[in-house]
Structures are given as structure tokens and as C-alpha cells.
Protein chains: 4
Amino acid sequence: MSPTSPPISRSKSEILDAAAHVFMTLGADAASIDDVARHLGATKGRIYHHFPSKGALLGEVCLRAAAFAHEAVAPVIDTPLPPEDKLRQMILAHVPAVLGTLPYHKVIIQSYLGIMQKSTTAQERALFDGIRAERAAYQDLFRAVIAEGMEAGRFRQQNLSIALQSLLLLVNAPVFWYQPRADEPEEFIPDLAAQLADMAIASLT
Amino acid sequence: MSPTSPPISRSKSEILDAAAHVFMTLGADAASIDDVARHLGATKGRIYHHFPSKGALLGEVCLRAAAFAHEAVAPVIDTPLPPEDKLRQMILAHVPAVLGTLPYHKVIIQSYLGIMQKSTTAQERALFDGIRAERAAYQDLFRAVIAEGMEAGRFRQQNLSIALQSLLLLVNAPVFWYQPRADEPEEFIPDLAAQLADMAIASLT
Amino acid sequence: MSPTSPPISRSKSEILDAAAHVFMTLGADAASIDDVARHLGATKGRIYHHFPSKGALLGEVCLRAAAFAHEAVAPVIDTPLPPEDKLRQMILAHVPAVLGTLPYHKVIIQSYLGIMQKSTTAQERALFDGIRAERAAYQDLFRAVIAEGMEAGRFRQQNLSIALQSLLLLVNAPVFWYQPRADEPEEFIPDLAAQLADMAIASLT
Amino acid sequence: MSPTSPPISRSKSEILDAAAHVFMTLGADAASIDDVARHLGATKGRIYHHFPSKGALLGEVCLRAAAFAHEAVAPVIDTPLPPEDKLRQMILAHVPAVLGTLPYHKVIIQSYLGIMQKSTTAQERALFDGIRAERAAYQDLFRAVIAEGMEAGRFRQQNLSIALQSLLLLVNAPVFWYQPRADEPEEFIPDLAAQLADMAIASLT
DNA sequence: AATGAATGAGGTTTCATTCAT
DNA sequence: GATGAATGAAACCTCATTCAT
């Protein structure tokens, strides 16, 4: 989904936020549409008026998750920096963006294990194909900079795909354990991003 | 579950294997007890004869997942090696162990996002406390060696918890994407483990 | 609905046509108001603006079905013909009229099996009483001519009600199987009507 | 479905009877599975344990309806009678068989209007193909004897398909209006069958 | 040790209907 | 006259679980 996707209505957006939160808390499978509706202070009908199925709702949450990250990182891509610096900037953009929209990313990560749906409609399959494509496009941003670094001799020669997947999981690690806290130092997230960037770049060199 | 836990009967073990496989494929939530029974070529009764509930079955799958990794890595712990070498040996043991029992680990990873169960029995809570404890003990093995390395000046000074979580996700990354293939080179998994060990250690130095 | 009922507005008539078509295709129960609206290229609101409920819409479709047949056959009634000739003329009028407004009759036939509605409003009950009355009046046209023929000795003596019901189903049989086709001979429907008239009259003699 | 179909368990048969009755009374669409369960004095679960869906339940009711009629008429087929006599015997067998299993036939007749289901599974489509085939086979019994009679000059020359469909509706007409009554004369149904046979044969000659 | 029948709670989805605009 | 949002009741169906055998 490019930054030029059609604007989303206010009501739809509220529903997506609620769905992301509830799916994050209870798990996308265990959470019911009623749970989402209750969190919204509304009834199921409101949700089904905007989304044709639970799968579609989940899909749009995931699509937004991917879009949030993509939008944050995209501006860095075209800057003329050496690969290790560009990668650092990408991670410094990625981590705060992800933690700022944590519910969405807790949801999309649930879908990374290649679980097969029991039955899906053609519409839902199309939606999930779109998500896969978006995710692949996002990964390719990182793949390109790693490849560039390896060619330029700034990164160690090694299997590119393995390096890419490992690095992406490394920079997404906080999604698994981070919880925002009231007493959290202001600099916590930037520091975290910096440490992850250090580790990521070091892991390649 | 320590190496001295009571032996598991043949029938129970078969059921756990089937459950791990089905939970991996369909997701632990979406998979039904009937799905597991069908995969087993039997009926639900057989499963309920050995496990009191679906939660208990899932719990024992996770417990086994943790135990498989722990058993593989434990022997390395007491060897007198410098921290970076010990960590390398731990990872070289961890990765093949995990990929050799992949279904179990695909299942336990589903539980890593801090999802709150809607309601559970006291028995199941006890079981999951046990899993958490086992997992914590396993993480402590890595935490100790990283701390030792940082104290000895072999690893960069940085936030220990962040480093630990990031490193664990790095070495578990293949659980997300690895799929055994018939035409896979014999050395694929050891090579993968070696690359991950390189990346992990580099990320700390 | 007698030929002197109030005229129906253009918009109402369009809605009734769409409803008849959709109820025919999907079945009156399975079809939703949204299905009708979609067929109309509009939204539900348009329908609810003209009809107070789905039951009323269905009722008016049925009423029209009965009126179409009644209007076509009524002119024959007062002609001074011997019963078998009058019956023939009635059938020759009935069949093309019915097949010319097939969707309406496919709908009303769905209601002929004496199905009990689960719950209806007083308004709807009144509407359906009207349909029953209209239908009874229409049947009485045929009942009278059969009775006349039996009295005059032109038709075999037999149970009048059974003969009437059987004959009406015979002449409505095409509603079950007829489908208009582009390559249909011009004379198909008149020929069909003639054959049914032959069969019907023969069945009584 | 031939008389050699697999035997149906007691529980399944009870459910089918209840379903036929409820579908007849309320209409197959309007009746809910809960209605059927209530009529059985059981819960939905019992029904879903034996039938995978409402469509399948409805399908098996229709299949039984077709089988009841087929079984009653089949013995007549191979007797060496002149066509009009054979047709009379067929009708004399058909009518009591149908009225003796009226609920089933009130249900199957609902399906004769070519209504399109909104969505069906492959399984259900297969089931309904089977019903169509069974129905076609049954019609062919009548088609053959009519054709034979027309060839032998005992029946009037006319369009065979039209004659067949009309005649089948004629002999099924009581399904639309018949209701068993306590005070009904013992001979009512045989007399009815005789009158219908008379009308049917007369309609062809 | 295992099966098959049955239950009951809860989930997703549909849909007639209402209402503000 | 018509739309789009929203509701609430009821439908279909799933599934963990229990029980008699």
C-alpha cells in the first residue's frame, strides 16, 4: 500500500484502532468481534457495516501495520549515504514507528508464522496477498541496503536471505517484549533504537 | 522440564507430536481437538484420555519445546570456555535442536507475544507458570554468558536485557521462516547455525 | 386487487418488478431487501420509503401476480359460450398472461404450500388475507365453469374441488419449468397454451 | 437413489422425520435448525453431529422424498401392461406413496422452482446433483410410458415434454392442498388417486 | 483404552428495520 | 425521495467437553 492509498473514514479508522488493540491483547484468534465492539462502545453491526468479515478487519489492521513502517522508513531510502549509515537511519526510523503503533505490529507479527487459514474467501485471499506483497516490498528495502553493503565490502560476505531475516527479527524484537510505561525515561525508545542499530550493524560486520 | 522429568508414554508422545504439528499448521487457537484427532487417525476420546483439556495439551507441547532446547544447550554450560566461545557453542547446539523439533517451537513462539488468556483453570495456570519458569531458566543461561562477556570486556557494554532479548530472537529467527526441504544440502542447518552464531557474537562486540 | 385499484406510481412499480425478479431468483425468504436494492441500483432506503416492510413488499408482489391473471381472464367470463369453450378461452388467456409476468407468478407459487409465517403484523395479515381472497375469487371463476360443465353433462361427474385444484395446477405447470429464450419460436407460448387447454378439457371429459 | 442405499441409523432417521415436518410447516428457509431440534426435544448439536449443514439436512430430506416415490412406483414398471393401464397403476401407486410421506414431498416441491442458492459448498452441490438425477430418473419412468402410449396411438400426439411436466404436476397436485384429517373416509386417498388417474389418462387421450 | 453421541456456550455473520441527514 | 450508519435479534455453525458403552 503506497502512501497514496484512499483515505480511510473516521469511523473506519476508529474501528481499526480498537481492533488492533483488542487483537493485540487477546490474540487475533481468541478475540471476538464482540470484544472489539465492546471496546468501541458499539455493537457488532457497526463493525460489519464497514468490514465484510473478521478476516477483512484483521487484514486491514495488518495492512496498516505494514504501511506505518513503510512510511516511516521510505524517506531514508533515497538519501545518498554509505550502506551502514543508511541502515542505521532506517532502523532509527523503524523502531520508533513500530513502537508508536505497537498494537498493529503485535497483530501483524502473529501472522508471520505461516499459519494456514482453514477457509478464506477470494476477497480475503486477495487482501492477504496484498499484505504479503507490501511486506515483501518492505523487506526489499533492507535487502537492498544489505546487499549494497556486502558488495561494497562494508558487510561480511554471507547468505543474504538469512542475514536479512535475522536482522529484521532483531529490529522487531521489541514488539515481543516492549510495553509502554508511564515512568519510562523520555529517551528510552531512541536509546533502544540506537542499541538495536548498533547490534544490527555489528552483526553484519 | 529438567532432563529428569518422568518419561512420557508412547501414546502420549504420539499425541504431542500430532498436536504440535496441527497447532503449527493451523495455529493453536484455530486448531480443534478434532483436527488433532483426525491427524492422529483417531477420535477425540483418545486425546481426552491422556490430557484433561486442550489447554493442558497445548501447555505440554510448549513445555516440551522448552525442554528440547534446554536439553540440547545444557551440556555446554559447564564447560570452561571464554564467554564468546561458550555462546557460540550454545548457539550451535540451540539452532539444530530447535529446527529438529520445529513444530514444537512454532507452537511455543505463538505464545511469546504476551497474549492474555480469557479464562483458564488453576491447573492450566500452574502449567503455564511452569513453562514461564522453564523459559526464564533457559534465558538465564544466555543472560549469564552475555553478562560474563560484558564484565570480561569481550562484549560491548550495553543494556543487558535488551541485548538478551534481541539475541534470543536472532537465534530463533529461523523458526519463523525455515521449512525442511527434501533437496536441502546436508550442511544447511549447521551452516545456518554457524552464520547465526557469527551474527550473534558480532552483534555483541 | 380488482381492475379498479388505485394506480401504482412509477417508482413503486419499478421496485415491485425488481422484487419479483429477485424473489424469483433467490427465493422470497433467502432474498434480502439489500438484494432487491442492489438489483435496482439503489439502497434500501428507497424501498422502505415506498413499502413499510419486507412482508408488505412480498405481499404486493403476490397481489399483483393474482391481479395480472385475473385481469387477463375476466373479459372471457361474461361471454355466452358453452362451458368447454369458455374454459378453453380462459386457459388461452391465462397461460400467456402468466408467462408474460413470470417473475410475479414464480413468487406467488412459493406461497401456495400453506407455509405458516412465524409472526406477522396485523397489517401484513390483512394484506395476505386480501391475497387469499383474490386467489379464491380467481379460483371461483374456474370452479363455476367446471360446475356448469358438469351440470350440463359436458364434463364427467367427479369431485369438484379435486378437479378444480388439479386443473389449476395443470395450467400453472409452466410456471415451474418455463424459461423465456431468445431463440424461442414466436408461436411457442400460444401453442403451449393450446396444448394445456386441450389437456385440461380432455382431463374433465 | 436405488433401494440398495446404505441403511440409515435410527437417530438419523428420526432427525429426518422431524426436519421434514418442520420444513413442511414453516418452509425450508424460514425453519431454523433450532426449530427442528426443538421438535425433536434435543439440541442443535445432535443434528450437527449427524448432518454437516442445514443444506445437507434439507438435501437428505429431498433425497428421501424422491426415493419414497421411486420405490413405490418401480414395481409397476416391469409389468407387461398396455401404456394407459401401466400409467394408471403408476399413478395409483404414486399418489398414496406421496401422501403417506407428505412432509417430505411438501419439502421437495419447494425446490422445484429452480431457486438459486446464494452459496453452497461442493458437498452440497454434489448432494443436489444427486437429487436432480434421481428426480430425472423418476420422470423418465413416466416419460417412457407416455411416449410408448403416443407411439402406440393410445395417446394423442403432442409435445412430449410439456405433456410430461403437466401430468406430473397434475398427479402431485394434492401435495399442495391435501391435509390428513381424523374424520377422513378410509377410502379417501384411493378414491383421490383414482380420480387423478382418470384425469391424467383422459388428459392424454 | 477408545468410541460415538450429545450438549451448551459462544462465535461469525446476516438482515429487517430505524434514524439523522 | 433517498442515503449511509447503526442496531439488535436471530440465524448457522464450531468446538471443548462429558458420558455411556
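Order of the sequence lines fixes the chain letters, A, B, ..., with proteins taken first and strands second; residue numbering starts at 1 for each chain.
- Relative to the side chain of D/T43, the nucleotides F/dC13, E/dT7, E/dA2 differ in distance, and E/dT7 lies closest.
- Applying side-chain contact (heavy atoms from CB on, under 4.5 Å) to D/V61 and the options D/V22, D/I108, D/V107 leaves one that passes, D/V107.
- Nearer to the 5' terminus of DNA chain F, by closest-nucleotide assignment, is the contact made by D/P52 (compared with the other of B/P52 and D/P52).
- Here C/A31 lies in heavy-atom contact (under 4.0 Å) with sugar-phosphate atoms only.
- The B/R46 side chain lies nearest to E/dT3 when the options are F/dT17, E/dT12, E/dT3.
- Inter-residue side-chain proximity for C/S111 and C/R135 is flagged as unmet; no heavy-atom pair is nearer than 4.5 Å.
- Side-chain contact annotation: A/R38 with A/S32, donor-acceptor N/O pair under 3.5 Å absent.
- For B/A42, the listed nucleotide lying nearest its side chain is E/dT3; candidates were E/dT3, F/dT14, F/dT17.
- Atoms CD (D/Q123) and P (F/dC13) sit 12 Å apart, rounded to a whole Å.
- Residue contacts for A/K118: at a heavy-atom cut-off of 4.0 Å it reaches the sugar-phosphate backbone alone, with no base atom in range.
- The partner of F/dA9, taking Watson-Crick or G-U wobble pairs whose two distances both stay under 3.5 Å, is E/dT14.
- Side-chain contact between A/I15 and A/F51 is present, with at least one heavy-atom pair separated by less than 4.5 Å.
- If you take CZ of C/F51 and C1' of F/dG1, they are 14 Å apart, rounded to a whole angstrom.
- Remark: E/dA20 base-pairs with F/dT3; criterion is Watson-Crick or G-U wobble with both hydrogen-bond distances under 3.5 Å.
- The side chain of D/S32 lies closest to F/dC12 when the candidates are F/dC13, F/dC12, E/dT12.
- Rounded to whole angstrom, the span from the NZ atom of C/K54 across to the P atom of E/dA16 amounts to 5 Å.
- The CG atom of C/D29 sits 17 Å away from the P atom of E/dT14 (whole-angstrom rounding).
- Distance, A/I47 CD1 to E/dG11 P: 13 Å, rounded to whole Å.
- Across F/dC13, E/dA5, F/dA5, the shortest atom-to-atom separation from the side chain of D/H49 is found for E/dA5.
- With rounding to whole Å, D/D34 atom CG is found 13 Å from E/dA9 atom C1'.
- The distance from atom CG of A/L26 to atom P of E/dG10 is 14 Å, rounded to the nearest whole Å.
- Atom CZ of C/F23 and atom CG of C/L16 lie 9.5 Å apart (nearest 0.5 Å).
- In this structure E/dA1 sits in no base pair that meets the Watson-Crick or G-U test at under 3.5 Å.
- Closest contact between the side chain of D/H50 and the listed nucleotides F/dA6, F/dT17, E/dA5 involves E/dA5.
- For A/I33, taking side-chain heavy atoms from C-beta onward, the closest of the listed nucleotides E/dT12, F/dA6, E/dT3 is E/dT12.
- Look at F/dT14: its Watson-Crick or wobble partner, with both distances under 3.5 angstrom, is E/dA9.
- Nucleotide F/dG1 holds its P atom 13 Å from the CD atom of C/E14, rounded to whole Å.
- When each of E/dT17, F/dA16, F/dG4 is scored by its nearest atom to the side-chain atoms of C/K44, the top-ranked nucleotide is E/dT17.
- At a threshold of 4.0 angstrom between heavy atoms, the contacts of C/A30 are confined to the sugar-phosphate backbone, with no base atom among them.
- Annotation: side chain of B/H21 is in contact with side chain of B/M24 (closest heavy-atom distance under 4.5 Å).
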